Amino acid sequence: MIADIEPLLRGRFGRPYRYVEETESTQALLVSDDPEGAVAVADHQTAGRGRLGRRWTAPPGTAIQASVLLRPAAGLAIQQLSLVTGLAVAETVELALDLSAQIKWPNDVMVNRRKIAGILAEARDGLVVVGIGLNVNQTREQLPADASLPAASLRTVDGVERDRAPLLADLLDRLERHYDAWAAGGLDAVFDGIGSRDFLRGRRVSVNGRDGVAGGLDREGRLLVDGHAVTSGDVLLFG
Ligand code: BTN
């Protein structure tokens with residue numbers, strides 16, 4: 001039951017665990033008094049937010065829609081948190097499906113060239129709220145058809161309907177470990193896991209008006225396009 005995953009939690013992430021059946025967006029359920037690792041989860045979001053002003057939608061009870069409060073120390077490169085979270089999500093997906101997953105810079109997780117999860121990191125008042133939308137039990141018809149990338153859920157990949165609670169507990173445990181490693185050692189501490197799952201490497205892309213071939217990520221987590229480091233943006237794919 002995603003309403004109560006506390007018995008499954010292994011670390012400090014998920015405490016407190018704030019579950020609601022319906023809300024506009026879980027991003028708004030965490031407040032500055034909450035401790036690091038506080039988590040908000042909804043079965044249904046009526047105004048789920050994606051990056052760059054987009055919407056995130058999923059029918060009630062089908063997806064993992066969770067927000068996690070982080071308090072990185074001053075001076076850390078918080079824009080890297082999407083990649084750190086992407087690593088935790090990709091590993092969770094891989095364990096569930098026994099298939100490899102990729103991270104599409106800067107915030108998507110892909111399986112079989114389809115987007116299975118999106119990450120939205122929002123900084124405010126010295127903290128970062130990281131929102132995770134992971135498609136779990138949607139059927140093909142329930143996935144957004146107008147998405148800029150074709151979408152997948154765990155169910156459309158292997159046909160299995162799953163309890164979301166153990167998946168979320170696993171994801172929070174992985175996120176806590178990768179976040180702690182990043183907080184102590186920077187992106188280098190998690191780089192191998194991210195770099196080896198780079199979806200864009202070698203593909204023709206267009207980002208911020210620049211067309212070229214993605215050459216991987218640099219050690220600061222920037223996307224290299226024909227050797228130029230891109231800090232943020234929306235990546236369009238050719239083919
Ligand atoms: C994206 O793909 O652009 C990011 C999607 C992020 C969706 C999650 S669902 C939980 C949290 N609450 C929101 O309103 N958005 C994030």
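None of these values were measured; they are calculated from a predicted model. Every number for a ligand or one of its atoms is a count from 1 in the order of the listing.
Listed by chain and residue number, nothing satisfies the side chain to side chain donor-acceptor pair (under 3.5 Å) test with N208 (two or more places apart in sequence, or in another chain). With sequence neighbours excluded, no residue forms a side chain to side chain donor-acceptor pair (under 3.5 Å) with T92.
A donor-acceptor contact shorter than 3.5 Å is absent between the side chain of D198 and the backbone of G195. The backbone N or O of G233 lies less than 3.5 Å from a partner atom in the side chain of R51, making a donor-acceptor pair.
Protein neighbours of ligand 1 below 4.0 Å, counting non-hydrogen atoms: S25, T26, Q27, Q45, G48, R49, G50, R51, W56, Q65, A66, S67, N107, D108, K115, G118, I119, L120, G131, I132, G133.
With a 4.5 Å cut-off on side-chain heavy atoms, V41 and Y17 count as touching.
Through ILVMFWY side-chain contacts below 4.5 Å, L120 is grouped with nothing and stands alone.
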